[in-house]
Amino acid sequence: MRAEGWTPKSDVSSSSEDEYGRVKKVSWHTKKNLERHAREVAERYAREEEARQADRERIKGIKFDINKKDFIPKASRLPRPPRSPTPTPSTDDDAGQDPSKLSVPGPSRDTAASRPSRGAASRDQSQAAIRLQLLEDKAQYETEEAQDDDYGAIDQTVIDTFVGSYNTGDSERAWDICLSFFNIDPDEWSRGEEMRYKQAAKEGKKRKRVPMKKLPGMNVGLFDYQLMGVLNLLRNILYNVPGGILADEQGVGKTMEMFGLIALAYNLRRSKTEVEAEWNSGKRSQHNPRQDAEKGGQAPRTCKLDERYGFRCYCYNGLTQMLADALPEGPNFIIGPERSLEQLYIEGKKKLDTKALKLRREQDDVDPKERLTPSEIKALAGTITATGDDTFEYHANTSPKQWEYIIVSHPGQLQKLVQNSFSVKVRTTDGQVVKKSAFLPGMVFMDEFHEFTSAAPQGHETRTVQWLKHLKQNHPPLVYFVSGTPFDQSPADIRAAIDMFDNPNFTIGIDRRLEGTRLVDFDELVTTFDNLLARQNGGEALPAEELANYRKLLNKFLNRMMVRRLGIDKFRGRDITDIGPLSVKITDHPAPSSLVSSLQDLANLTRDTVNSTLPEGASLGNFLRSQTGADLLLKLRLASTFPGISTPLDEEFTFTPSEIASHLSAAKGKLENTPYYKYIPTWSAYSPKITTILATVNTMLKDKTKIPGESTSAKKLIIFSPLEAESMLIYGYLMYKNKKDKNLKPVWINSVGMDQKDRGKLIDKFKEMGNAPPNILVSPMSVGGTGLNLQNAKYSIVSSPAWSKRENQQAYYRVHRVGQVQDTKLSLLTARWNPADRVLVKKYEGLPVEGSEEEIWGVGDEFAADKDGEGEEKGKGKGLVDRHQVVTDEEDE
């Protein structure tokens with residue numbers, strides 16, 4: 001089908017052109033006259049069909065003169081009319097346009113050429129022939145589109161890293177325990193819910209979920225499902241699990257639950273401290289006396305200070321007492337990726353009561369007022385005593401003030417914090433003086449933990465994991481591993497969490513609920529996953545029974561340690577979020593016919609390099625999906641969006657992150673001063689993807705629908721790319737467009753030439769509403785794909801498929817998340833004519849890379865077609881959706 005996004009050039013930039021992209025300068029630029037001239041030319045040139053066919057074949061190998069500013073084609077498609085100007089794609093207007101969108105200027109009205117002459121009719125016929133050819137070429141620029149209304153759906157037919165819901169707490173018994181603990185009257189809450197439902201129905205609106213409880217220490221309340229999650233995570237300590245895995249899907253509110261856990265622990269310690277102080281003083285105030293809590297008979301059911309803490313008081317409630325008694329001493333420590341640390345700190349300042357809780361950020365180049373002072377470090381430091389020549393005892397500071405502190409930092413700063421800031425000298429029993437770290441937190445939160453717990457080479461451990469093991473041995477804290485995608489590449493990504501929780505007592509107890517969840521059991525599970533994945537990548541269709549057994553073993557661990565809710569889950573009969581499932585438009589693009597030859601040369605070069613590097617006996621699919629294979633496919637993947645990269649240049653580029661960093665450093669961070677910039681119009685010429693991006697930009701600029709709660713209707717677009725180089729070139733292309741259309745205000749964040757502070761400033765500018773701030777954010781997934789809240793954008797494009805479908809989903813969830821008030825428009829751009837793209841989408845399906853050499857490495861639209869030919873019969877682009885979301889037979893029925 002023809003894509004709706006394939007708009008003529010005039011729809012994207014200039015209103016001075018007609019629907020065919022031609023400049024309105026001559027009188028016969030109407031559709032009627034065009035058709036008449038086309039018929040005349042068709043009759044006139046019927047006898048010259050053989051010559052015209054030869055001319056078309058000659059044009060397929062069109063080349064560009066890169067030394068000329070406007071990149072003028074060295075050959076035209078048909079003989080040009082006498083004395084008429086040459087069609088010239090402008091460097092900032094026509095780059096990225098297909099041949100049918102190039103302007104074909106006619107003679108000017110105020111020149112001699114516009115006056116009647118004997119050759120005027122011949123020139124008209126010749127120009128009509130050119131336009132007829134351009135229309136024929138335009139017909140080749142068609143895309144296949146499909147709307148995947150549930151891009152986040154579970155695929156049970158393949159082995160992958162998808163994780164479903166765990167411990168939602170949506171049972172009557174769990175909910176009753178939650179309401180009782182937080183001292184919420186269930187009847188009163190039900191009446192309030194009923195009133196809100198009736199009010200919404202009266203106004204013809206959908207009932208909105210409202211916060212259920214604001215814990216002391218927080219400025220905002222928690223929703224019902226968040227309150228349930230906080231309690232379930234903390235209750236793990238009653239079952240010998242010192243922490244848990246908080247893995248709510250993006251947009252559900254993990255950060256709020258993390259803050260909720262801190263506030264709950266803070267109030268538990270406060271309640272215990274105040275009650276015990278009163279009991280020990282012998283003075284009776286408003287708490288229940290100790291003897292009332294211990295004597296037989298009826299126990300107290302309430303305390304006048306329940307709401308002071310947000311739950312039932314320590315003076316009488318058994319669950320409160322068990323939780324408070326199990327909490328380790330020490331400050332709270334949040335460690336997360338450096339790129340999102342500032343955002344996390346800002347969120348904390350907004351949502352936490354900083355009069356009760358003290359938020360500090362340990363990071364270079366920040367305001368000293370935000371960091372710990374020397375006196376605070378001294379007050380928070382624990383004590384270390386030597387018990388032998390090489391043995392020590394660690395004790396956290398027991399001052400009530402220490403659990404008021406929340407310290408935020410990143411792995412790169414951990415070494416300085418542990419070994420420098422909190423370093424103390426300890427004298428051993430043999431008189432030696434050694435340095436030890438007295439940083440002993442009581443609660444540790446590992447935000448986006450998979451990025452820095454599994455980053456070390458196989459068989460090694462990151463410094464962060466080593467530090468956690470040191471704490472486990474000497475002063476075990478509660479550790480919460482936080483990530484919306486707990487499995488990045490394998491279940492092994494949570495091995496650090498399983499190791500942290502591993503306890504010989506798992507096989508002891510009345511219900512033996514943790515039996516079979518030791519670290520050695522988990523390693524066997526990872527081996528099973530690896531074997532199944534290798535068989536799947538090798539082309540084997542995995543038996544359903546083996547897949548079910550693997551998931552059963554996985555559930556044994558996650559049912560005991562993880563809290564995870566998906567955005568499409570329900571809680572208490574209602575959707576957790578109002579945003580609904582991910583609805584993504586997948587657009588597959590054709591190969592640019594004029595560049596197929598050079599693109600095939602690039603594919604052949606990539607093939608030869610892969611074959612020479614492929615280890616003997618290794619699977620081609622497994623190799624291409626390894627890091628080495630990904631590096632070898634880089635340039636070919638990049639050609640999906642910038643096909644002109646396949647044409648030889650005087651300068652050769654690898655487009656690796658290290659090369660980009662080098663050029664940006666030499667250019668002082670300015671892309672326009674790098675050697676890449678001048679070639680961007682050549683690389684983007686004839687790119688169908690660029691045309692689709694421009695169509696989305698145009699739609700975004702024309703979108704004047706009202707934004708709820710805002711005085712402006714100006715919309716914003718985010719373009720995510722899995723490749724650093726692709727995001728750079730897209731931004732460069734938009735810079736060219738900005739020269740002629742100032743409505744385009746792009747900004748670019750990256751990880752190779754920009755530090756976290758600079759990225760934060762650009763993101764803050766993009767978040768500003770109105771017409772003046774930037775309206776297009778271009779970002780590689782490695783920087784913006786996780787950890788950011790960008791609900792102010794309505795439009796989001798993933799310019800190419802990432803290595804995993806989950807990475808695409810994460811990028812969309814930056815926009816499509818709780819707090820979004822607009823109807824999001826999400827797009828994924830593919831190019832199955834490219835061998836590299838086919839490798840990626842086959843990985844989504846769990847299919848092997850197999851076939852003849854031509855089928856694997858061939859370039860062209862014929863390689864993108866469905867073999868069964870059922871794509872159109874099933875519905876619009878159904879085959880394209882199948883490649884991203886396999887549908888079972890039961891669902892088909």
Side-chain angles (χ1 to χ4, degrees), residues 64 66 71 89-98 589 592 595 598-599 602 631 633-649 651-667 669-694 696-697 717-739 744 746-754 762 776-785 797-802 811 827 829-831 834 836-837:
F64 295 95
I66 62 175
F71 303 95
S90 168
T91 59
D92 57 357
D93 267 349
D94 293 324
Q97 303 299 315
D98 62 84
H589 296 78
L595 295 174
S598 61
L599 287 165
L602 176 59
D631 294 340
L633 289 176
L634 173 60
K635 197 168 185 178
L636 188 58
R637 288 179 69 190
L638 200 54
S640 291
T641 304
F642 295 91
I645 282 175
S646 61
T647 58
L649 297 175
E651 295 182 77
E652 286 297 323
F653 300 100
T654 63
F655 299 103
T656 61
S658 59
E659 180 191 79
I660 296 173
S662 176
H663 286 312
L664 282 175
S665 177
K670 294 185 177 181
L671 176 59
E672 58 270 29
N673 294 337
T674 66
Y676 302 115
Y677 189 69
K678 62 182 177 181
Y679 295 117
I680 290 177
T682 302
W683 293 335
S684 60
Y686 304 100
S687 169
K689 277 192 181 182
I690 290 295
T691 304
T692 300
I693 289 173
L694 289 181
T696 304
V697 170
L717 162 70
I718 303 176
I719 303 174
F720 289 109
S721 171
L723 303 174
E724 194 87 43
E726 187 178 44
S727 69
M728 174 188 69
L729 297 180
I730 290 174
Y731 171 67
Y733 177 78
L734 294 174
M735 289 177 66
Y736 271 101
K737 295 296 296 182
N738 174 258
K739 293 179 181 179
L744 276 68
V747 291
W748 173 47
I749 59 175
N750 63 80
S751 62
V752 294
M754 185 180 294
L762 287 178
I776 303 174
L777 174 65
V778 184
S779 170
M781 289 182 178
S782 61
V783 173
I797 296 174
V798 171
S799 58
S800 295
S827 303
L829 311 186
T830 64
N834 188 318
D837 264 37

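Atom CH2 of Trp748 is separated from atom CG of Leu671 by 5.5 Å, given to the nearest 0.5 angstrom. How far CZ of Phe653 is from CD of Glu659: 6.5 Å, rounded to the nearest 0.5 Å. Note that CG of Asp631 and OG1 of Thr656 are 8.5 Å apart. Values are rounded to the nearest 0.5 Å. Considering OG of Ser721 and OH of Tyr731, their distance stands at 15.5 Å, rounded to 0.5 Å. Here OG of Ser646 is found 3.5 Å from CG of Leu599. Values are rounded to the nearest 0.5 Å. With rounding to the nearest 0.5 Å, the separation of CG in Leu777 from CD1 in Ile749 is 5.0 Å.
Between Tyr677 and Tyr736, the ring centre distance stays below 6.0 Å. For Trp683 and Phe642, the ring centers sit 6.0 Å or farther from each other.
Of all non-hydrogen atoms in Asn750 and Met754, the two that sit nearest each other are OD1-N, 3.4 Å. The minimum heavy-atom distance between Lys635 and Leu602, with the atom names listed, is O-CD2, 4.0 Å. Scanning both residues, Pro657 and Val752, for their nearest heavy atoms gives O-CG1, 3.8 Å.
No side-chain heavy atom of Met735 sits under 4.5 Å from any side-chain heavy atom of Leu744. The closest side-chain heavy-atom distance from Phe720 to Ile797 is not below 4.5 Å. Within the 4.5 Å cutoff, side-chain heavy atoms of Ile645 are placed close to those of Leu729. His663 is listed as a side-chain neighbour of Pro675, based on a closest heavy-atom distance under 4.5 Å. Between Leu694 and Lys737 there is a side-chain heavy-atom pair separated by less than 4.5 Å. Considering only heavy atoms from C-beta on, Ile693 stays 4.5 Å or farther from Ser687 through its side chain. For the pair Pro592 and Leu595, the minimum side-chain heavy-atom distance is below 4.5 Å. Side-chain contact check for Val697 versus Ile776: some heavy-atom pair is nearer than 4.5 Å.
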Under the side-chain contact (heavy atoms from CB on, under 4.5 Å) rule, what do Val778 and Leu734 come out as? Steps first, then yes or no, please.
CA-CA 10 Å; Val778 184; Leu734 294 174; 4.0 Å; yes
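Thr641 places no side-chain N or O within 3.5 Å of a backbone atom of Lys689 that could act as its donor or acceptor partner. For the pair Ser727 (side chain) and Glu724 (backbone), a donor-acceptor distance under 3.5 Å is present. In this structure, Ser779 contributes its side chain and Gly784 its backbone to a donor-acceptor pair below 3.5 Å. Between the Thr674 side chain and the Leu664 main chain, no donor and acceptor come within less than 3.5 Å of each other. Side-chain atoms of Glu726 do not come within 3.5 Å of backbone N or O of Leu638 as any donor-acceptor pair. Put simply, the side chain of Ser684 gets close to the backbone of Ile680: a donor and an acceptor are under 3.5 Å apart. The backbone N or O of Asn834 lies less than 3.5 Å from no partner atom in the side chain of Arg637, so there is not a single donor-acceptor pair.
Note on Lys678 versus Glu672: no salt bridge recorded, every NZ/NE/NH1/NH2 to OD/OE distance being 4.0 Å or above.
With hydrogens and angles left out, the side-chain atoms of Thr830 and Asp837 include no donor and acceptor closer than 3.5 Å.
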